[in-house]
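Presented below is the structure to which this report refers.
This chain uses plain numbering: 1 for the first residue, then up along the sequence. In this text, all values refer to a predicted model and were calculated from it rather than measured experimentally.
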Amino acid sequence: MLRPLVNAGGLLRRFYGTKLSDHQAALMARGLPKREPISGVQDIIVVASGKGGVGKSTVAANFACSLASLGKRVGLLDADIFGPSIPLLMNVHSEPLVNDRNNLMIPPQNYNVKCLSMGMLTPPDGSIIWRGPLVMSAVQRLLKGAEWGPLDVLVVDTPPGTGDVHLSLSQHAPITGVILVTTPHTAAVQVTVRGAKMYEKLGVPIFGLVENMRYSICQSCNERMEFFKDSTCTRSQEALPRKLISLPLDPHIAECCEIGVPVVIKHPDSEYSKLFTQLAGDISNILEKQPKDKATSDGNS
């Protein structure tokens, strides 16, 4: 239980009990947002990593396009409020329209993927300087203030860290599962492990890990060139979930990101694209085996 401040030698100290009463727990739960499904959206998949610069947005964009190529109805939400990159990667820069019926944003579409990002709502050279409550409000608006449905899968690209965006997503919507992204070096792996533990504490399932930029394939001889030895951060990697795919560092990636065409669209026969097709197929199989909520399924019909 909470105890009053105690003055000891001129210093104020606060003592906290380790267990809340039933009444206190009920009051705290009352203040949390309700986790409700998004109308017309069957499954929500979050692409995350505690570490920045590991390729989350590139993975999210190519994964979404790969799901769409399998015939899925797909949406892509850019939840990185401060550093949105999906408008560039997917070449969708126009401000979304708003329908007259219920004032919901209509996500623009490209490559058969509906996209929505804070980058579509702010000037290209503008910066967002917000505290936590505004960030969480913006995430809720992008998530539930848009006409997403009917969708089979909504892919959510998230910022680095374990802060407001991740908590807001977990509290407002039923996340089907998380795909973690990391590079093999120790610093990225250790931070990704922390991100995994956050989702475990929130009770969100983790599908597995996408290992990015581990190797490259020589354009002349097709020989695989490893950037990391097998012994690199082995101890840290043991704490990670199962590996879904291991992606190469492909020279086409930078080119495709600059022109706003995902690699799986521009180079569908590349090794990189084949791995994403494998990933999309594996995740689709997992989703098809899971029981579906009737209310959400009705929204898709």
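A donor-acceptor pair is defined here as one N or O able to donate and one able to accept, closer than 3.5 Å; such a pair exists between the side chain of Thr176 and the backbone of Ile44. Side-chain atoms of Asp164 never come within 3.5 Å of backbone atoms of Met136 as a donor-acceptor pair (strictly under, hydrogens ignored). Using modelled atom types, one side-chain atom of Lys144 and one backbone atom of His172 make a donor-acceptor pair closer than 3.5 Å. A side-chain donor-acceptor contact under 3.5 Å links Ser270 to the backbone of His267. The backbone N or O of Ile253 lies less than 3.5 Å from no partner atom in the side chain of Tyr272, so there is not a single donor-acceptor pair. Put simply, the side chain of Thr158 never gets that close to the backbone of Ala79: no donor and acceptor are under 3.5 Å apart. With hydrogens and angles ignored, the 3.5 Å screen pairs a side-chain donor or acceptor of Trp148 with a backbone N or O of Leu143.
With contacts defined as side-chain heavy-atom distances shorter than 4.5 Å, the pair Val46/Ile179 does not qualify. A 4.5 Å side-chain heavy-atom check between Val156 and Val47 finds every atom pair outside the cut-off. By the 4.5 Å heavy-atom criterion applied to side chains, Val261 and Tyr111 are counted as neighbours. By the 4.5 Å heavy-atom criterion applied to side chains, Leu169 and Val165 are counted as neighbours. Looking only at side-chain heavy atoms (C-beta outward), Val41 and Asp43 stay at 4.5 Å or farther from each other. Contact annotation: the side chain of Val191 never approaches that of Ser49 to less than 4.5 Å [non-hydrogen atoms, C-beta and beyond]. With a 4.5 Å cut-off on side-chain heavy atoms, Thr182 and Asn212 do not count as touching. In this structure the side chain of His93 reaches within 4.5 angstrom of the side chain of Asn91, judged on heavy atoms.
The minimum heavy-atom distance between Ala188 and Thr192, with the atom names listed, is O-OG1, 2.7 Å. Closest approach of Ser273 to Pro268, counting heavy atoms only: CB-O, 3.4 Å. Closest approach of Pro262 and Cys256 over heavy atoms only: C-CB, 4.3 Å. Taking each heavy atom of Val189 and Pro184 in turn, the nearest pair found is CG2-O, 3.7 Å. Shown here for Ile86 and Val92, the closest heavy-atom pair between the two residues is O-CG2, 4.2 Å. Scanning all heavy atoms of the two residues, the minimum distance from Phe207 to Leu244 falls at O-CD2, 3.8 Å.
The CE atom of Met90 sits 11.0 Å away from atom CG of Asp78, with the distance rounded to the nearest 0.5 Å. Here OG of Ser284 is found 4.5 Å from NZ of Lys72. Values are rounded to the nearest 0.5 Å.
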Distance-only donor-acceptor hits, side chain of residues 53-62, under 3.5 Å, sequence neighbours excluded:
| from | atom 1 | to | atom 2 | distance (Å) |
| --- | --- | --- | --- | --- |
| Lys56 | NZ | Lys51 | O | 3.2 |
| Ser57 | OG | Ser85 | OG | 3.0 |
| Ser57 | OG | Asp157 | OD2 | 2.6 |
| Asn62 | OD1 | Val263 | N | 3.1 |
| Asn62 | OD1 | Val264 | N | 3.1 |
| Asn62 | ND2 | Thr58 | O | 2.8 |

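Judged purely by distance below 3.5 Å, without hydrogens or angles, the side chains of Ser66 and Thr277 never pair a donor atom with an acceptor atom.
Within the structure, side chain to side chain donor-acceptor pair (under 3.5 Å) pairs that include any residue of residues 199-210 comprise His166-Tyr199 (at least two apart or interchain).
If you chain together hydrophobic residues whose side chains sit under 4.5 Å apart, Ile206 and Leu279 fall into the same group. Under the 4.5 Å side-chain contact rule for hydrophobic residues, Val113 and Leu97 do not share a cluster.
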- prompt: Does the pair Arg214 and Glu211 meet the rule for a side-chain contact (heavy atoms from CB on, under 4.5 Å), with working shown?
  reply: CA-CA 7 Å; Arg214 182 182 181 91; Glu211 188 182 51; 3.0 Å; yes
- prompt: How far apart are the C-alpha atoms of Tyr215 and Leu247, what are their side-chain angles, what is the distance that settles it, and do they pass the side-chain contact (heavy atoms from CB on, under 4.5 Å) test?
  reply: CA-CA 7 Å; Tyr215 63 95; Leu247 292 169; over 6 Å; no
- request: Go through the steps to decide whether Val153 and Leu287 satisfy the test side-chain contact (heavy atoms from CB on, under 4.5 Å), and finish with yes or no.
  value: CA-CA 9 Å; Val153 182; Leu287 298 180; 3.8 Å; yes
- prompt: Does the side-chain contact (heavy atoms from CB on, under 4.5 Å) test come out yes or no for Val139 and Ile81, once each step is laid out?
  reply: CA-CA 8 Å; Val139 171; Ile81 303 299; 4.2 Å; yes
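Taking the salt bridge (Lys or Arg N to Asp or Glu O under 4.0 Å) definition, one finds that Arg101 meets it with Glu147, sequence neighbours left out.
With respect to the salt-bridge test (charged N to carboxylate O, under 4.0 angstrom), the residues Lys274 and Glu271 do not qualify.
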